[in-house]
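Written below as structure tokens is the structure these notes are about.
Quick note on labels: first sequence line is chain A, next is B, and so on, each numbered from 1.
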Amino acid sequence: MSQKVIGVIDEVVKTATIIAKKRDWPVLPIDRNSPKGDFAIICFPAAKILKKDPSWIATEIGKILIDNEGVLSTETEKGYCNVTIDWNKIGADTILEIMGTNYGKGNVKKEKILIEHTSANPTGPFHMGRARNPIIGDSIARLLEYYGHDVSTEYYVNDTGRQAATLAFGVANYKGNGNGKKDHELVECYRSASEDLKNSEDAKSKIYEKMELIESGNKKVLNEVKDAAKMMLEGMKESLKILGTEAETYFHESDLISSGEVVKVIELLKKSNLCKEEKGAYYLDLAKENIAGRNQKFFFTRENGLSLYTTRDIAYHIDKFRRFDRALNILGEDHKLQSKLLGIALRELNSERPQALFYSFVNLPGGKMSTRAGRVVYLDDVMEQIVKLALEKLSETDLSNIDKEILAEQIGIGALRYNILKVQAEKGFTFNIDEALNLQGDSAPFAMYSHARASAILRNYSKNTPNCKLENSLVESEIRLLRTLSKWPNTVEKAVDNLAIHYIPNYIHTLASDFNQFYRDCPVIGNNNENFRINLVVCSKKILSESLSILGLKAPEIM
RNA sequence: GGGCCUGUAGCCUAGCCUGGAAGGGCGUCUGGCUUCUAACCAGAAGAUCCAGGGUUCGAAUCCCUGCAGGCCCGCCA
């Protein structure tokens, strides 16, 4: 909450505590999200001890609190004493606070944080199942940056191993259909190569030979797979760019082998007390590590002494901590165990460990999304459809065609991102295309529209924002809006502490909704409370714009 | 066999950490644009908060036991 509001509430709570203490009442809990007023004092705990009706206690407290300077009114309902603070007294100061550049920002030591997100294997175009990762990752990055950290984002490219070898084989032996995006084209080569891997012994041996050459550090083959991955990524990056979630840097797994880092990690892990060997393959024995499941052996080399995916991942994280103070990985829930194992290995190497944010998979209404069964919805197609729909809705607007196209992309992509971000990450997410294409209600366009309305008022006002002065007492919709605006810092802090991005869209919807009610009830220009209302519009526009930008969305002036 | 996550109106979802008065949205029905933008607003209907037990003045929230769904348990990535 804004400092001003916190101050008033603390003052009132203090008074209530003193009253309770004087009378030997127990400490009464506070509900800061009461359905009526600004907060409530819960009187039930005192009822049993005092053998009094809780509503009698609430009324008694109310009678005393009403004399407090910051309190406008108190109201008893059941055992609750609902307290409404006097916004007329603190309104102007609250506005001033919201206008400040630090409003909503955290008061923390700036850290260099690396967020690794997306990191999809470069084997084909993104489908919706993958879309949750870049959208959450990018928005968490923006959130932490807003809060005051120095955040970078990185995409880890898995360009070694069987899939990478298969892709390289496919690129060398097949031609794509030659039109369209690079990833949609090359995925044909990959599919043909995957078929060969299953059906042809010759192809299989070639691909496995490639794998071994990769892991043993053969420069020529390493370059070949890296190049194949890069070609595929070219197309995939285009999708990420449209989504607005492209990572700042790309880190190739193959480079960890070329540079010798992987070999170093293997040597270091062999020195761990947990390390054991079986037929030439080395593993960490996790029997005492509370690892669930059947297998407690965490292999980090093959029989032939070469590295595994996990080994390379360990090397990657050691490299991360050479570059950053903190590391955060955005991962699908299938990586939970993997992530735990990585943590143990890093602990054994006395390295710092990354934080992880897991999300559940995206399903389609009929069931799981699966490439194999052909049940796949491409991200590119969804983006195209939703932007097209936004453009249709703009058809009657008085804008140039080029402006319409830019705006339609902002609205459409924004709607897609918002739709995914508003659900908590651990919750299984069913992607319903019709729901995503619905640009009403709890959606990005709803908030963008409120922002455009605020912008319209300020355009029509066409003067500088006056110093805030309250000339008439506030009406209900003004108080509601002010109350919501005052909760922005709490919301950001909660989202940061829990790495829970969905708090932000939830807040945005409340704010936009409160603004729309204010818009209906309160004419601004020419009203005798014009000064205060203009200030309220400026604040609403500011917080709408900042909160949308955390989600990676633009706040349009017109729509 | 074991571990983690999820279960809230016809559908989607917030609230769960830190117990206190079940919030939104979609869809349905009704009403509102000559007044700062109707992608909006107002109203109505719709909920045994998966089930059962426990703790508590009080449980969607905490604990236990089930049930249902998702994910994981490879010398794959």
Could you run down the sub-3.5 Å N/O contacts of the protein with nucleotides 75-77 of chain B?
unit_1, atom_1, unit_2, atom_2, d
C75(B), OP2, N295(A), ND2, 3.4
C75(B), O2, E303(A), N, 2.7
C75(B), N3, E303(A), OE2, 3.3
C75(B), N4, E278(A), O, 3.4
C76(B), OP2, R302(A), NH1, 2.1
A77(B), OP1, R302(A), NH2, 3.0
A77(B), OP2, Y309(A), N, 3.0
A77(B), O3', T160(A), O, 3.2
A77(B), O2', N121(A), ND2, 3.0
A77(B), N6, Q338(A), OE1, 3.2

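Residue R453(A) has a polar side-chain atom (N or O) positioned under 4.0 Å from OP1 or OP2 of A38(B). Listed pair R459(A) / C36(B) fails the phosphate criterion, with no side-chain N or O lying under 4.0 Å from OP1 or OP2. Between N438(A) and C26(B) there is no side-chain N or O to OP1 or OP2 distance below 4.0 Å.
Partner of T160(A) under the side chain to side chain donor-acceptor pair (under 3.5 Å) criterion, chosen from E215(A), H252(A), R312(A): R312(A).
Residue-level contact check: I411(A) touches the bases, meaning some heavy atom is under 4.0 Å from a base atom. Nucleic acid contact for L306(A): none, since no nucleic acid atom lies under 4.0 Å from a heavy atom of the residue. Across all strands, C43(A) comes closer than 4.0 Å to no nucleic acid atom at all (heavy-atom distances). Within the nucleic acid shown, L337(A) comes within 4.0 Å of sugar-phosphate atoms alone, with no base atom in reach, counting heavy atoms only. In this structure, M448(A) reaches neither bases nor backbone, as no heavy-atom distance under 4.0 Å exists between it and the strands shown. At a threshold of 4.0 angstrom between heavy atoms, the contacts of E426(A) are confined to the sugar-phosphate backbone, with no base atom among them.
Look at the P atom in both G66(B) and C57(B): the space between them is 28 Å, to the nearest Å. As rounded to the nearest Å, C64(B) and A22(B) have C1' atoms that lie 25 Å from one another.
When distances run from any side-chain atom of I558(A) to the nucleotides A14(B), C36(B), U37(B), the shortest one goes to U37(B). Which of U37(B), A14(B), C5(B) sits closest to the side chain of K336(A) comes down to C5(B).
Electrostatic pairing of E195(A) and K198(A) counts as a salt bridge here, judged by a charged N lying under 4.0 Å from a carboxylate O.
Atom CD in Q440(A) sits about 9 Å away from atom P in A39(B), given to the nearest Å. Distance CG (D285(A)) to P (C73(B)): 19 Å, rounded to an integer number of Å. The interatomic distance linking L391(A) (CG) with A39(B) (C1') rounds to 14 Å, in whole Å. Protein atom NZ of K541(A) is 13 Å distant from nucleotide atom P of U37(B), rounded to whole Å.
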Inset, instruction - Going 5' to 3' through nucleotides 16-24 of chain B, assign each nucleotide B (protein heavy atom under 4.0 Å from a base atom), S (under 4.0 Å only from sugar-phosphate atoms) or - (no protein heavy atom that close). - result: -B--BB--S

